[in-house]
Amino acid sequence: MDFQVVVLAGGFSKTLVPLVSKEVPKALLPVANRPVLSYVLELLEQNNLKDLIVVVESESAALLIGGWISSAYVDRLHVEVAAVPEEIGTAGALRAIDHHLTASDILVVSGDLVCDVPPGVVAATHRRHDAVVTAMLCSNPVSGSTESGSSGVKDKAKKRYNIIGLDPTKQFLLHVAAGVEVEKDVRVQKSILRAVGQMDIRADLMDAHMYAFKRSVLQEVLNQKEAFQSLRRDVLPYLVRSQLRSELLLNGVQSEENGNDKDASQNPKIVLSQLLANASTPSFHELQHALGPNGFSLSPRKTHKCCVYIASNSNYCVRLNTIQAFSDINRDVIGDASHLSGYSFSAQNNIIDPSAVLGSKTTVGPQCMLGEGSQMGDKCSVKKSVIGRHCRIGSNVKIVNSIVMNHVTIGDGCSIQGSVVCSNVQLLERVVLKDCQVGAGFVVIAGSEHKGESLAKKEK
Amino acid sequence: MDPRRYSRVIDPKVRQVGFCPRSGQVQNQSGPTGPSTSPPVSDISPSSNSLSPVMIPPPRHPSDAASRAVNVPAAATTPLRPRRPSFDDPNNNSSSTEQLVVSSYNPDESVLGTSPPFSGIGDDRDGDAESEFSDNSVNWIRQNDSGRFPLSLAPDGRFDSAAAKEKQSKKPQVGSRKERGGGQTAEVRNDLPSESKPLKEKTSKAARRALQEAQRAVKAAAKAAGGNKSKAASLSAHEQTDKAVKLPLQRKDDGPVTSSAAVSERRGGERPPEKDRKKDAPAPRMQFDDKNRVEKAKKRSVVKQTEARNRVELFRHLPQYEHGTQLPDLESKFFQLDPMHPSIYKVGLQYLAGDIRGGNARCVAMLQAFSEAIKDYSTPPEKTLTRDLTAKVNNFVSFLIECRPLSISMGNAIRFLKSRIAKLPITLSEAEAKSSLCSDIERFINEKIVIAEKVIVEHAVTKIQDGDVLLTYGSSAVVEMVILHAHKLGKQFRVVIVDSRPRFEGQALLRKLVKIGVSCTYTHINAVSYIMREVTRVFLGAASVFSNGTVYSRVGTACVAMVAHAFHVPVLVCCEAYKFHERVLLDSICSNELGDPDAISKVPGRMDINSLHDGTNKENLQHLNLMYDATPPDYISMIVTEYGMIPTTSVPVIVREYGREHLLI
């Protein structure tokens, strides 16, 4: 279908510290004991997209991710892993792999996306409208469960929301503002507003970071605007802003715009394009042009279209870009959105690996997951939690709403609630954690109580 | 030799003849049903047979006919017409004479196999036309039945089939004696079965009994004798019985065997031609009330289609799907449909989403997509381009049909493309073949659509004069061009744009016209009868024109044309000739398209009405959103094509004369 897929897998994200460490880049964070990147790759594989470019920030992360991909998808996918320097942003990453892009359209997917929306819908919408960019929007995830998640986290998450302006048919993107700018006034372009007549401004939509770009336009923008760093913050708003006074060469017809109005009727190509334009339901782009001051001239329009695809509420679509999102996704993947996990659930609606050992009177509730080789002592209780591989858990331990990664040792009498415990962590006896994140390899001393803290080893 | 043409030529003469003074006697001639009446008939018909159809009508020489008619013994005249008294008066009643005339010249028609004469009579004066029409048609049909007694028909149409049979059995000798060309052969054919049948039946009972008895005897003999002897005996006995029963029995015996053999033979013999026929004939349109076929089609289909549940009874044969389910499904499969070329896919999506509408635009978009696909095509190894590409195109077309039923214009374009592919010389290399196809497609678009539109505009503009009030319905691209061109020429006129729900296509046209300064009136179709009194010309677009002159167009067109007709306003239909089709369409039921039923049930901005239709799947509520309707030719004054301005009756001429050209250009 002439689409090229670029997966932006990121590197060692700052926002996810302490979950992310030197050993675990963001793309390899486990979601239901699988790296988060695997969700994207499998979604693409299901949709018959097997030639991928995975862009990773920093060499070391590229090594880790490349190693994992080649071991997991050796004969299933044809993946090229490209390493780009850190902190160049998504636009910079695309700029760096510019020469690899050949297809007419590029599908850019974020590696931290966990969703079941087939990328085909975005691509199809893109093609149907012949758009320059098509973004997928999804409704904001219900952040934080009712039991956990402090209000502070929620406020932070709210700030990330976008203000998005749509036309009444909900097909075109008219305005994009990142959450930070919302604090100020929302500035809407008059020209666009005049052309469309009506704009829906929505704050309940989230940019899912799955874009379809027209390659020629993307490359042009990236080359012209050296300062652009991020697709979401720079490139997309730029394209949306300039959609009615496009300076881009969309195709051949537009390039020869030096006033050939007179012989336009003689040129069959223009007559044809006009014929097609007349018959199709005019989007505001054409209308704007038709109502222009220069009467009924046939000068080629200088507009481009920015489209959106809005995922329906029945689809699951979340990005793993905050710690809160990390625990939410983990909870959902083994809970509500269990079809994403790829596991088959037991009758009790949980997954317990056969090699896991449970002590007497230990209960594992529904929506739980217990990785292979893990051992649990007596009288433990696990609710709505994910426990990784080869963990050793003592007796009388309570784990609720938490994520425990691989090779974690938990002493007797611990209570873990709403927390994330990374790999190789040691919790000694009677530790109480509530809404905490424990970085990899950390040792929590016996009897300590933590609430809403982030514990990590000091980086040397 | 198109029969239609002749009938058209004949008609005026027939009418002319109707006024001949001595018709009463001619009437008498036709009346008698007795066997003796045939001589005059035979006298007339051979002469008419020899004449070319244009010259036929015997009544052209009324005196001649009448003199012959005088010879006829009138004693046996039976027909009692209600209007009979008037016949005695030779000076008047043209209508009755007309009927008579029709009946008298019909034999010729039947021999030639031409179209029924009432097509001409239908054009007659409005007054009597109806009754005459019906009478004549009855006569005509009967005549066909009886075959060779055209003149024995009573003009009043009372002539019943029983009488016909009677005559048939009586008449053979008369007919053969008189040697009446075509009529005779038919008769001979008739005779054979009628004689053989009763014979067979009579003998069969006796034969059966005889056979039974013989068999019993054989059995008894076999029991008595036993062994080999019995066999011989039985054989001989069988022979004997056979002889006793004579031929009929043999026939009887052989009957089943031979018939089965014949059947098998027929099967064996007929199968290949049937297949061929299937290949030759265009595939019959899918009837969507045929559950089995729908199921099969579903399995094949790319787009997941959920049939709409509550469909209107009369329109179940048309495809109707739950709107709103197809598009997301097709979109989600974007990357999974490998064989589909992206450009085809894009066009399909646009059809499905309604982004491209209008016959020309859809056709152009499709052709351009085909051209793209052909450019990217490469013949797989060990396959020939012609065959493989045809299969590919078929594949594309079926995909597009799934997205939206094809329009007639698209069908014609596809036919053109396929014929071009089929006619590619084998010597061409792949690149050459591809480029020739692409240039063919480009030429088709250019000649058949772009230039054709320009020529149509040139023609149509001559019909617009200063001070005219034009009315148009919806938004037709060609009509729009006509109006723009007329405006450019500086003609002073006004435009009434009639529009209708749910699409309000006229608004786009209105916007354009208002912008360039044409004075416009915009109204909805509800008000068409009011606005029509100030209109001087009606310009309409068409999706297709069928060979009987029926115009197939956006639903509502027929209504506008009829109202215009009632107000004596000329109706001009602008249509490119590539949209003509040789099919005959009589109503808008057989072939039509169903739109989204929700489109008509929901009125934007009227919550009070919309709330009524919340449960759209109510059992007793069915929405019918027809997309097209058929305008009968009677309501259309003129069709403007690139070949000139023609009456509806000339459509078949265009189809015949230029239809080949579509494929050849």
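Just so you know, these numbers use all the heavy atoms, side chains as well, and skip hydrogens, waters and symmetry mates. Per chain, numbering begins at 1; letters A, B, ... match sequence-line order.
Here the closest heavy-atom approach between residue A:R128 and residue B:Q350 is recorded as O-NE2, 2.8 Å.
Rounding to the nearest 0.5 Å gives a distance of 6.5 Å between CD of A:Q171 and CG of B:D355.
In this structure, chain B has heavy atoms under 4.5 Å from both the backbone and the side chain of A:T125.
Few gaps surround CD on A:E45; more than 12 heavy atoms of other groups in view lie less than 6.0 Å from it.
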